[in-house]
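What follows is a short report on a single structure.
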Amino acid sequence: MDHEEARTRREARLRTPNDLGENAMKDLSGALTTLLADSYALYLKTKNFHWHMSGPHFRDYHLLLDEQADQVFTITDPIAERVRKLGGTTLRSIGHIARLQRLKDNDADYVTPLDMLAELREDNKELARSMRETHSLCDEHGDVATASLLEVWIDEAERRAWFLFEASRPGDSPGR
Ligand SMILES: [Fe+2]
């Protein structure tokens with residue numbers, strides 16, 4: 001048995017039976033695994049900013065980011081399991097995440113609170129955009145189950161972006 005044949009046999013063991021077809025498996029597994037890498041990147045960045053928050057709004061922002069990180073983390077397992085239900089394989093390591101993630105890490109020593117909120121707001125908008133793209137792919141392949149999960153997750157990402165936008169607005173000063 002040559003190397004290629006051995007690889008094909010190993011892959012066949014992980015090929016969950018599914019009637020959506022080979023193309024759907026390949027296209028959707030790829031898109032969902034990249035989305036999964038972005039979700040882990042966003043999860044860790046949100047935690048990073050939760051841990052390194054500072055300033056007069058510390059408590060509000062610290063708690064907001066904790067809630068948001070939990071919400072992002074919650075979607076990771078269903079994304080990965082969706083790939084397996086389609087018959088594909090998904091992330092295997094932190095290194096794999098780093099190779100696929102489109103959202104950028106932020107390793108800066110200090111980030112101002114408003115810059116943290118603005119960066120997360122943009123990342124969440126970007127995540128929602130990628131999810132919409134993946135939703136179109138689901139439509140092409142008739143994968144209504146992944147599409148319906150994505151609809152909820154897009155709404156959640158837009159809600160996070162909304163909260164981050166409102167929390168970072170300059171306050172009104174009535175009477176001035
Ligand atoms: Fe915490």
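Atoms considered below: every heavy atom in the structure, side chains included; atoms not considered: hydrogens, waters and symmetry mates. Read the numbers this way: they start at 1 and go in the same order the structure lists the ligands and their atoms.
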If you draw a sphere of radius 2.8 Å around the Fe ion (ligand 1), how many protein N/O/S atoms end up strictly inside it?
1
Could you tell me whether E166 and R121 make a salt bridge, using a distance below 4.0 angstrom between a side-chain N and a carboxylate O?
no
Contacts of H62 meeting ring-ring contact (aromatic ring centres under 6.0 Å, His included) (sequence neighbours excluded), chain-then-number -> H50, F58
Out of the candidates K45, K125, K104, only one should pair with E119 under the salt bridge (charged side-chain N to carboxylate O under 4.0 Å, His left out) rule; please name it.
K45
Is a side-chain donor or acceptor of S168 paired with a backbone partner of F165 at a separation under 3.5 angstrom?
yes
Could you name each residue pair satisfying side-chain hydrogen bond (donor to acceptor under 3.5 Å, both in side chains) that touches residues 147-156, not counting sequence neighbours?
H135-E151
Y43: ring-ring contact (aromatic ring centres under 6.0 Å, His included) partners, not counting sequence neighbours:
F73
